[in-house]
Amino acid sequence: MQNRIAQVVFPLPTGKSFSYIVPEGLTERVQRGSRVWAPLGSRLLTGFVVDLKQETEISNLKQILDVLDPYPAFDSQMLRLTRWVAEYYLCSLGEVLNSALPSGVRFRGSEYLILRNPEPHHPLPDAIKGKKEEAVLESLFQKGTRSLLTLERELRRDGLYAAIYDLEQMGYVAVKSREGRLVRLTEGDPGVLEQQIDELKRKAPRQAHLLRILRENGGQMAALQLRKNWGVGADVVDRLERRGLVELCFEEPQDSAVNEKTSQGIAEVNLSPTQARAFRQIKRALDGGHYQTILLQSSPGADRTPLYLQAISAVLRREKGVLMLVPEVFLTARAFKHLKATLGLQAAVLHSRLSDVERYRLWRQVREGRKRVVIGPRSAVFAPVVNLGLIVVEEEQDSSYKCESNPRYHARDVAIVRAKMADAVVLLGSSAPSLESYHNASTGKFSLCRLSREVNNPLPKVTIVDIRGLRSTNAREILSPLVCERLKLCLQKGKQAVLFQNRRGYATYIQCSQCGFVPQCQNCQVSLTYHQEEHQMVCHYCGFRQEAPSICPQCLGHEWHFGGVGTELVEKTLRSLFPKAKVLRLDFDTTKGKQSYRRLLQFSQGDRADILLGTRMIAKAMDFPRVGLVAIVLADSCLNLPDFRAGEKTFHLLTQLASQLTEGEIVVQTYSSGDWTIRCFKNFDFDKFARRELADRRQLNYPPWSRLVSIVFQGKISEDVISIAEKYSRLLQEAAFETVQILGPSEAPLGKIKGAFRCQILLKGKSSKALRELVQQCTQKLKGKRGVRMTIDVDPVEMM
DNA sequence: AGCACGCCGACT
DNA sequence: GTCGGCGTGCTC
Ligand SMILES: [Zn+2]
Ligand SMILES: [Zn+2]
C-alpha cells in the first residue's frame, strides 16, 4: 500500500498541519521534506510535507497540486532540527521551514528546459504516461527549448514541475540555467553583421554591444561569461534571440569553481607553538567523532583564525562538511579569503545579498554535497551541509546571532542542537564570551580551550579617563586632554586612530534654553536626534525626520542647548583639533540597505584614513594593521543601558575594540571609572569580571541562572494593548507555578515606537521547558483583539 | 496569515 | 433596506 496522504505545514502562524491526497503522478516525488504547492481555503500556497500516511479520518481532502523541487528540500535531520526550533522558540514549523530555505526561492524563472533528444517522437514513447508529461514534450517539440516561466504560462501549473522532474529523470529533457546558454551569432557575413549592428546602435545599444563582443570573440560565448566579463545580462541575450540575430544552444555547464579539491589535497596550516597547544584539544574532540562544544576563549588580539582553518582542514580530510558562522554578512568575505588563501578552498557563501539565482545555485550545490564548506551569517545555520562534522561560530557573543523577527532563534544555540543531532563538533570563538557560554563551560556542558597571545605580542595598554571634572568645566569639551595628546602622538607616528561613540548624529536631543522644550518624535516616545549635516531632526527608531527648528515652537525662543554627544559632533571636534588629518566616519548600526553595505566594505578596506570614527559597527568592521590608538568617547552610553546585560555588552565591546590593536593604547573615557566592568577591563581580566557578574546575576536570578521569555503586546490604541496584556497576565497567574516569576505587564522600555504602544511581560523561571509550556497554554486561551499584536521571545537578547 | 461569515449601527 | 465596520473561527 502506498502512502497516499501527505501531512503539509504552511508558513502560517498556525501550528496545524493539513492532510492532502497525493495524486497518482506525484507519489514517487512527494516525500517527507518536499516543498509542495497546495490549495488552502481560497488560496494556493507553498507548503512542506512533514509526514506521509496511508490513511486519515479527515474527509473532503484536497489534492497536492505540484512538487517544487526534484528532491526534498529538507532531509530528516533538518526536519528534526527545524521542529526543535519551532517548539523551542514557540512558532510554527511552517514558519521555521520557510525561513530555513534560501529566501525568495522563485529561482525557477531563470531556468530553461531543453529536449535531450531533439528528434520529435511520434507516437510518444511508452514510458511517457502522464498527460502533463505529454504536454511538456509537445511544447518542446515545437521549439527545442522553453523557459520554465513560459511553460508555467503555457500549461497549467498543477503537476508541471513533477512532470518536468520525471522527464528529466527519464533522460528526455534537461533543466539548464539561463546563464549556461551558449550564445552564437547567426550571421556569418561580416558586412551583413556590420549593418545589423548599425541598425541596432541607436535603438538598442546594449544589443549592438553584445553583437560586437561576439564578433570580436570568435562568434560565440557562454551567457555566464557575457555577464561576468562584459556585464551583458541575460535579458539582452533574450531580446537578440527574439530578433533572430543570435542563436542559443545548451552545453553541459562547465562550472570549474564547483569542483572542490579532493580531501587529500587539502593543505595544513602552520601553527605557532601557542596555537598548536590549543589545537591539540580541538583535535581530540574532532578525533573522537562525537558531539562536543568547545568554547575557544582567546586573549584579546590572539588570532583564532589559524585554529579554525586547521580544524576545518582536519574535518574535510575526514570527508565531512563544515559550517562557519560569522556575525555580519560583510564578514563572510574575510572568512572566504582565508579559506581560499590557506586551504585553497572555494567555500559556498550563503547570505541574503546574493541574487535569487546565485543563492539557489549555491544552496543546491551544498544540498547535493558538491560544496562541503559553507560560510554565512545566522541564517546559514540552516544550510543543508551534508555529513556535518564541524560548526564554527565566530564571535559567539555577538547579538547578531539572535534573530529579532519570527522565528526568533539564536543561531549559536541552533548550531549546538544541530551539532548534537549530527554528532558534530562546535567551536565557539570569542575573547569575551557570552556569560551563557562561559557558564556552560564552567559547568562542563562545554569544554573550555584557551588561546593566549603570542609571547612577543604584549597586551595593549588600557587607560581609563574619568571625565566627571572635565564635563563640568567645559560642556563643549568632548575629548579629554589625554585623548587629544595621544591622538596627536598617534598621528605623528603615522598610525591610525579609532574613535568609538555609540550615538549617531550631532546631538541626541536639543532643548530650548528658555522653556526647556525638547522636540520628540510624533510616533515614538523618544527625543529626536539632531543631525547637523542634513540640518534635520531624526528619529532613530522609526526614521521620522523634520527640519531642525530654529525657533522654539513653544515659547518662540531661539537658543538651543545641544545634549548628548553624537558622532557628528565628535567628527567636528576632531576636524578642528586636527585639520590636516583625514577623518572617516561610519555611523549606522544596521547593514541593511545597499548604500550602507557598500560604505562598510569601503570602510573596512580603505585604510587610508588617519582617524576612523564610528558606532558599534566599526568594532566589527575594521581589520587594519596600522591602528595605534583606540579611544572610547563615552563608555557610559553602553554601560548605562536599561539591560541586565549592559556590563557584559560593554565588556564585549571594549574587548572587540581592543582586539584591533596590534600594539598601542586603548583609552576609555567614562563618568564611572569605579565601575566593576571598567576596572576589570583595565586588566583585560574577563574571568574576574565574569565571576562577579555571574554572582550578581545569581543573586537577582537572571540568566544564565534562570531562563527568560519576553512577551510584548503592541498596538496603536494604548488602552487595548494594556487590557490584553493584563488579561494575559491574569491567565499566566492562574496557570503559573511557584518557580515562575511574572514581571509586568509594564510599559516596555521606550513605550511607544513607530506609533505603536508596547507593553511587556517578562517571565523568569528555572526551566525553559516549563516556561514555554506555560506560555503556550496561556496563548491558546487568550482571545486577542484586532490591532494588538503579541510577540513571544524565548531567551530574549535585546530587552527593548 | 488571509479570508469568509455573521452581526450590528448608520446612511442612501 | 444595504453598506461596511469589525469580531470569530477555519483553512485538509
Ligand atoms: Zn522654548
Ligand atoms: Zn519615531
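Each chain gets a letter, A, B and so on, in the order its sequence line appears, and its residues count up from 1.
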Its 5'-most and 3'-most nucleotides having an atom under 4.0 Å from a non-hydrogen atom of chain A, DNA chain B is contacted over B:dA1 to B:dC3
Go through the structure and list residues passing side-chain hydrogen bond (donor to acceptor under 3.5 Å, both in side chains) with A:S706, not counting sequence neighbours.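 Residues passing side-chain hydrogen bond (donor to acceptor under 3.5 Å, both in side chains) with A:S706: none at all.
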With no hydrogens and no angle check, do the side chains of [X] and [Y] hold a donor and an acceptor under 3.5 Å apart?
X      : Y      : value
A:Y161 : A:E152 : yes
A:D795 : A:Y88  : yes
A:S437 : A:Q397 : no
A:K620 : A:S400 : yes
A:Q7   : A:S19  : yes

Using heavy atoms and a sub-4.0 Å distance, could you list which residues of residues 22-31 of chain A are near DNA chain B? By number, please. none
Given A:K764 and A:Y702, is the side chain to side chain contact (heavy atoms under 4.5 Å, CB included) satisfied, shown in steps? CA-CA 8 Å; A:K764 230 193 242 185; A:Y702 269 118; 3.7 Å; yes
Without swapping roles, check the side chain of A:K132 against the backbone of A:R156 for a donor-acceptor pair under 3.5 Å.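 Such a contact is found between A:K132 side chain and A:R156 backbone.
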Listing request: all salt bridge (Lys or Arg N to Asp or Glu O under 4.0 Å) pairs with a residue in residues 400-414 of chain A, at least two apart in sequence or in separate chains.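 Checked against salt bridge (Lys or Arg N to Asp or Glu O under 4.0 Å) - neighbours excluded - the pairs reaching residues 400-414 of chain A are A:E396-A:R412, A:K402-A:D793, A:E404-A:R408, A:R408-A:D793.
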Integer-rounded Å distance: C:dG9 C1' and A:K785 NZ: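 The distance from NZ of A:K785 to C1' of C:dG9 comes to 18 Å, rounded to the nearest Å.
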For the pair made of CZ in A:R786 and C1' in C:dC6, what is the distance, rounded to whole Å?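 The answer, rounded to whole Å, is 5 Å.
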Interface polar pairs with nucleotides 10-12 of chain C, N/O, under 3.5 angstrom:
{"residue": "C:dT11", "atom": "O3'", "partner": "A:G41", "partner atom": "N", "Å": "3.0"}
{"residue": "C:dC12", "atom": "OP1", "partner": "A:P39", "partner atom": "O", "Å": "3.3"}
{"residue": "C:dC12", "atom": "OP1", "partner": "A:G41", "partner atom": "N", "Å": "3.3"}
{"residue": "C:dC12", "atom": "OP2", "partner": "A:K62", "partner atom": "NZ", "Å": "2.6"}
{"residue": "C:dC12", "atom": "O3'", "partner": "A:S19", "partner atom": "O", "Å": "2.8"}
{"residue": "C:dC12", "atom": "O3'", "partner": "A:K62", "partner atom": "N", "Å": "2.7"}
{"residue": "C:dC12", "atom": "O2", "partner": "A:S19", "partner atom": "N", "Å": "2.4"}
{"residue": "C:dC12", "atom": "O2", "partner": "A:S19", "partner atom": "OG", "Å": "3.4"}

Return the set of residues passing side-chain contact (heavy atoms from CB on, under 4.5 Å) with A:L782 (not counting sequence neighbours), or none when no residue passes. A:F713, A:I724, A:K727, A:Y728, A:L731, A:M790
